[in-house]
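This report concerns only the one structure given below.
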Amino acid sequence: MKRIYMDNGATSFPKAPNVAEAVYKYMTENGCNVNRSSYENAGEAEDILLDTRYLLCHLFDFDKPSNVVFTSGITESLNCVIKGLLKKGDHCIVSGFEHNAVMRPLNSIGVEWSVAEISKNGHFENIESLFRENTRLVVMTHSSNVFGNVLPLEEVGEICKKKNIPFVIDTAQTAGHINVSFKNLNCDVLCFAGHKGLLAPQGIGGMIMTDEMAKKIPPIIEGGTGSVSHTIETPFFMPDKFEAGTMNIPAIYGLNAALKYIIDTKVENIEKTENILRERFLKGISNIKGLHIVDCENTKHTPVVSLVFDNIDMAEVSYILEKDFLIETRCGLHCAPIAHKTMGTYPQGTVRFSFGYFTTNDEIDAVITALNKIII
Ligand SMILES: Cc1ncc(COP(=O)(O)O)c(C=O)c1O
């Protein structure tokens, strides 16, 4: 029996072709730090770093490579932006689908928040009424990591622009799955993860921001940047302001290879393939009694499906799927308790099946067969 990986929402596997090779090549043939030394190999690593900023601009429809900042991942990016822009007593607006990477920083600062709800027709109809005198930020996930519903953030961005409130987007679950345009989303900061839909290694992510945000947000980490080394002051210019310390260069080589693959393949082709897989799965399980699809209607979807089961615990389903069928899923709350409260699956959670571009029809069919057997 072959392992069937259904946990791409947590991290993608396999990674894009050439990713492992690019990391290996860097580790064995180059290995140099960036922005510090002037020999040729260091220059090559710097070229890859800069090229990766350009590729991210291309992917996210953004114009300024110097405002593309690398971090250890999207959790760090969200912490930097949220803690940089908010203080105790401020008010913030979120969606009902946020990950704890957003909710925990808000909670620890002591910020008040309001949840914008999506109506049955898939829009944030009442969001304008949530803005208060002390609203300082709107932060939203682009798609739920639990239910796969894509949120209509373009309309939120327009309202934020009108009200002059910064809008921050968490693209952990959409980047690489659907087209994500910084411009169309009308956002001020776009945070991304490298290791999910971008098909790159763990340990690399980032944030892309307007000049205004680049000025306004303070760095949370300060130290050596290889620039203006005569002073103990942190550089104010981008991207150095946010990139102190040695970066995860092996992962950047991997991300570079992954982005080239995604751009060559075209995100719309990835989306098309993943939609076909999701439809095949939904059709295949539609007649199985004792399980229910938890879903938001009238939205676009990423390839994530959450199920709940009658008369059997979610953890047990996940356990049996692995033990008897080598199918790897995730059960529980998926670090997003507020999403479960929104959809009525708190506290038991769901069993999540998250596919990727490399998932095959045979794998989907094997999961459908396994679910039929478990329910019987
Ligand atoms: C919507 C969303 N935001 C943020 C994160 C945090 O990602 P990471 O753990 O890679 O920092 C995740 C991870 O599952 C996520 O799904």
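Atoms within a ligand are numbered from 1 in the order they appear, just like the ligands themselves.
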Filter the ligand 1-protein atom pairs down to N or O on both sides and distance under 3.5 Å, then list them.
residue, atom, partner, partner atom, Å
ligand 1, 3 (N), Asp170, OD1, 3.4
ligand 1, 3 (N), Asp170, OD2, 2.6
ligand 1, 10 (O), His195, NE2, 2.6
ligand 1, 11 (O), Thr75, N, 3.1
ligand 1, 11 (O), Thr75, OG1, 2.5
ligand 1, 14 (O), His99, NE2, 3.4
ligand 1, 14 (O), Lys196, NZ, 2.5
ligand 1, 16 (O), Gln173, NE2, 2.7

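Qualifying salt bridge (charged side-chain N to carboxylate O under 4.0 Å, His left out) partners for Lys161, counting only residues two or more places apart in sequence or in other chains: none.
A pairwise comparison of heavy atoms in Glu274 and Tyr357 identifies OE2-N, 3.1 Å as the closest pair.
Side-chain rings of Phe13 and His195 stay apart, their centers remaining 6.0 Å or farther from each other.
Distance alone, capped at 3.5 Å, places no donor-acceptor pair between the Asn149 side chain and the Cys296 backbone. Side chain of Asp188 to backbone of Met213: no donor-acceptor contact under 3.5 angstrom is found.
Atoms NZ and OG1, on Lys215 and Thr210 in that order, are 9.0 Å from each other to the nearest 0.5 Å.
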